[in-house]
Number of protein chains: 2
Amino acid sequence: MELDARKKEILYAIIENYQESGEPVGSRTISKLEGLSFSPATIRNEMADLEEMGLIVQPHTSAGRVPTDKGYRLYVDKMLAERENGREVSRELPALPMQELLSKRIDRVEEMLLKMAQVLAANTNYTAMVTGPRSRGSKLKFLQLSPLDKGRILAVVVLSGDIVKNNILSLDEDISSQELMDLNFILNKGLTGLSLEEINLSVIAELKSEAGAHTEVVSKVLDAVAETFAKEDSYPVYTSGAPNIFRYPELTGGDKASELISTLEEKKTLGSAIGSLSTEGGSQQDIQVYIGEEVPVDSMKDCSVVTATYSLGDGVQGKIGIIGPKRMNYQKVVDTLKETMSHLDGIFLNTED
Amino acid sequence: MELDARKKEILYAIIENYQESGEPVGSRTISKLEGLSFSPATIRNEMADLEEMGLIVQPHTSAGRVPTDKGYRLYVDKMLAERENGREVSRELPALPMQELLSKRIDRVEEMLLKMAQVLAANTNYTAMVTGPRSRGSKLKFLQLSPLDKGRILAVVVLSGDIVKNNILSLDEDISSQELMDLNFILNKGLTGLSLEEINLSVIAELKSEAGAHTEVVSKVLDAVAETFAKEDSYPVYTSGAPNIFRYPELTGGDKASELISTLEEKKTLGSAIGSLSTEGGSQQDIQVYIGEEVPVDSMKDCSVVTATYSLGDGVQGKIGIIGPKRMNYQKVVDTLKETMSHLDGIFLNTED
DNA sequence: GTTAGCACTCAATCGGTTAGAGTGCTAACA
DNA sequence: TGTTAGCACTCTAACCGATTGAGTGCTAAC
C-alpha cells in the first residue's frame, strides 16, 4: 500500500495529538484540526489503511488510534531528515542555562556532568542520563606522589582529558620526603604519555631498576595507575529527573515505575547498556533515537531513548541520554541535545590545546 | 487509664503482626497467637481501651486495628530499653558483608560510603541514606600544587579525615615548575594545620608577601581551599535502595511514591534536613528513631527514619539513615545499624593515629 | 473520491446486591 | 469482677448488570 501525502499528514497529526494528550486519538479529533479539512469518515478510511500498514493501532475496538513503534520511527526519521535540510525550525526553546552553567569554573568534570544531567532533565521533563567520559586510548598525563602520614602517601593520577583520581596508599616500608620526590620524578619521566597498553613489563622493569630500593612503592603506584585506567572504563553514570517518569501514566502502571527506577539506580547496568550503543551511522551529528523495542534495556521497552555523544577532546568521550515515554517530544529533545552538544564543544574543544 | 502488662502484650502483638502483614489486625488473629490465650471478645475489650489511649486506630469501623505513631513510639522505646539492659537478643542477623567490604582497600571515603548505603539497603529492604562526613573543625592537612598544562595547574587539597579534592586552576600568568615548587612549600608551611577560620587576612597577607610576584596564584589557590572547606559543609549524600519503597503499598498510593523518590533525588534538601537532626539525648549509642510525624521532612510523614552518627576520627562525622514504612522492623534496623557502626569504628578509629 | 448515516462494539461508570471481616454490646458464666 | 459466647450492626471489597459515550466499520448516497 502506498503512503501518500495525506496519510502522512494524518499520521503526524495523530502522533502530535497523542504526544500532548496521552489518550488514543479518534477520527473526529483529527477532522477538527486546522489543515486537515476532511470529514471523520474520510479520516477513518485513511486510519484503517494506516493500521493495515502497521503504523497505528487501536488499544481496543471502540477506541481511537495510538502510534506504533513503526509509526514513531517514520515520524522521527522524517523529522530528522527535515532538520538536516537546514530548515532551522527554531521552536523557541527556552534558552538553556547551559552557557552560564558551563562557563562557571567547574573544575571537576564529574560535577559538571551531573549538573548537565540536572539541567537536561529539568528542561525536558524527562529523565536524563550522562555516562562519564571514557576512552580506550587515554594516556597518563601526569603523576604526583605526596607524603601524607607516616606510612601513607597520596598518589594523584591524571589521565588525558583531565580525569583525576586520588589514591591513598599505605606502605609497609618508610620513605623520606626527598626519596619520594625522586621517585616522583622517575615515575613521571618513565610513564608520562603512555597508555595502559604501553605500560608493559619492560617499562616496569626499567622503572624498578631506576627506583632502587623502593620497588614496593613502585608496584603500589602502578597498581593505582592501573586502577585509574580501569575505573575510567567503568566510569560513573549520572542520572537526574527519575521522578519525571511519574508524569506519564503509561510508564507507571503495574510494576513499571518500580522497574524503571531500579534500572536507573543500578547505574552500572545502565552505563554499560547505553555505553555499548554504537554510533553506527547516526542520521546526523551523532544523535540516535531508540524507540520502544529498539531500546536495548528490558525495563525500558515502553520508553524511547535519545542519545548523543559528547567529546572532551583527546578522544575522550561519553554519552548523554534522554529517557522518556514513547510519545516524547522528539523534536524538542533532539534540539535540546544538539544545543547542549554545541555548547559543550565550544567550551571543551577551545580549552584543549 | 492504666497500661497494664496484658494491654502491652496485645499492643506489641498487633504491631508485630502488622509489621509482617501490612493489613489491619483483628481480635481473632491476636487470640489465636501463642502466648495470648484469651477469647476474641476479651481482646476486643482491651483493644477498645488501647484505642482510647491513642495507641491504635481502626482505618474504618469494621476493620482491624493499626498502630498509631504513639503506639510505635511506645514499642520502640521499650524495645531500645530492653536492649540497653544488655539482653543481647541476637536475632540472627545475616552477617553483613561489611567486614569484607570495608577491609578492602577503598581509598576514597566517598566510594566507601556509597557502598555502605548499598549494603544497608540490600540487607534491610528499606532505603538507605548516608551523608558525607563533615566537621566544622576540620583542618587543612596538606596541599599539593603541580603543573598540568601551559597556564593550568592542579591543586590537590587534603583536609583532616582524608577528604581530598582536586582543583584545576587556570592562571593568567605563567609560572615555572621550580617557582611552583617553591610556592607549594611556602603555602604548606603557612597553611598546614589551620582551620577555615584560622586562615584570616593576616595569614593571607603574610603568604602573599612571601610569594613575591605570584600573588595571583596564591589567591586562586586560597579560593580553591575555601571551596574545599565549603564543599565539605554541603558534602554529598548517597542513597541506595530507593526502589524498595515500592515493596510497601502504604508508601506508594497516590503521589506518595513520586514525592518520596523526588525527595531522595534532591539530595541537597535531604542532606540538610537529616544532617540538622540533633543528637540530643539519644537513648543509646547515638541511634535515633523518628516515627511518622516526627520525621522533619514533609514527604516522609508516612515513613519512619532511623539514624546513626558515624565518626571518622578527628571530629569528622556524618549520618546514616534508614528510611522505611512506619511498620518497619525497628529491631532489625537498629541492630544492623549498630553492627555497621561498630565495624566502622573498628576500622577508622584504628587507622587514625 | 467523499461524506452522511447507522448499527455495532467496547471500556468506563454507576447503583445495587452480596459476602466477609470485624466490631460493640449484652447477657450469661466462673 | 473478669471472661466469654452470641448476636446485631457496620463497613469495605467484590461482583453484577444496565447505561453511557466514544469511536468504529460499513453501506449507500452524493
Between atom [atom1] in [X] and atom [atom2] in [N], what is the gap in whole Å?
X: A/Met47; N: D/dT24; atom1: CE; atom2: C1'; value: 8 Å
X: B/Asn45; N: C/dC25; atom1: CG; atom2: P; value: 9 Å
X: A/Tyr18; N: D/dG23; atom1: OH; atom2: P; value: 14 Å
X: B/Leu36; N: D/dT4; atom1: CG; atom2: P; value: 12 Å
X: A/Arg28; N: C/dG5; atom1: CZ; atom2: P; value: 13 Å
X: B/Asn17; N: C/dG22; atom1: CG; atom2: P; value: 11 Å
X: B/Lys32; N: C/dG22; atom1: NZ; atom2: P; value: 9 Å
X: A/Ile43; N: D/dA22; atom1: CD1; atom2: C1'; value: 17 Å

Between C/dT3, D/dT4, C/dT23, which nucleotide has the shortest distance from any of its atoms to the side chain of A/Ala41?
C/dT3
Nearest to side-chain heavy atoms of A/Ala48, which nucleotide of D/dA5, D/dG25, C/dG20:
D/dG25
Could you check whether B/Lys326 pairs with B/Asp302 (Lys NZ or Arg NE/NH1/NH2 to Asp/Glu carboxylate O, under 4.0 Å)?
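Salt bridge absent between B/Lys326 and B/Asp302.
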For the pair B/Arg327 and B/Glu20, find out whether any cationic side-chain nitrogen is under 4.0 Å from an anionic carboxylate oxygen.
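Salt bridge flag = no for B/Glu20 with B/Arg327.
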[X] side chain near [N] phosphate (N/O to OP1/OP2, under 4.0 Å):
X: A/Ser62; N: D/dA22; answer: no
X: A/Arg6; N: C/dT2; answer: yes
X: A/Arg65; N: D/dT24; answer: yes
X: B/Arg44; N: C/dT26; answer: no

Looking at DNA chain C, which of residues 49-61 of chain B put a heavy atom within less than 4.0 Å of it?
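Hits under 4.0 Å, by residue number: B/Gln58, B/Thr61.
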Under 3.5 Å donor-acceptor, B/Ser27 side chain and B/Arg44 backbone:
no
For A/Leu260, does its backbone N or O pair with a side-chain atom of A/Ser299 as donor and acceptor, under 3.5 Å?
no
Kindly check if the number of other-residue, nucleotide or ligand heavy atoms within 6.0 Å of CZ (B/Arg28) is above 12?
no
Can you tell me if A/Lys7 has over 12 outside heavy atoms packed within less than 6.0 Å of its NZ?
yes
Quick one: closest heavy-atom pair of B/Gly241 and B/Thr127, and the distance?
O-OG1, 3.1 Å
Applying a 3.5 angstrom cut-off to the pairing atoms, does DNA chain D sit in any stems of at least three consecutive Watson-Crick or G-U pairs? List them by first number.
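Expected stems, ordered by start: C:1-30 with D:1-30.
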Working to the nearest 0.5 Å, report the span between CE of A/Met129 and OG1 of A/Thr307.
8.0 Å
In terms of relative ring orientation, are A/Tyr72 and A/Tyr330 parallel, tilted or perpendicular, with 30° and 60° separating the classes?
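Because their plane-to-plane angle lies in the 30° to 60° range, the rings of A/Tyr72 and A/Tyr330 count as tilted.
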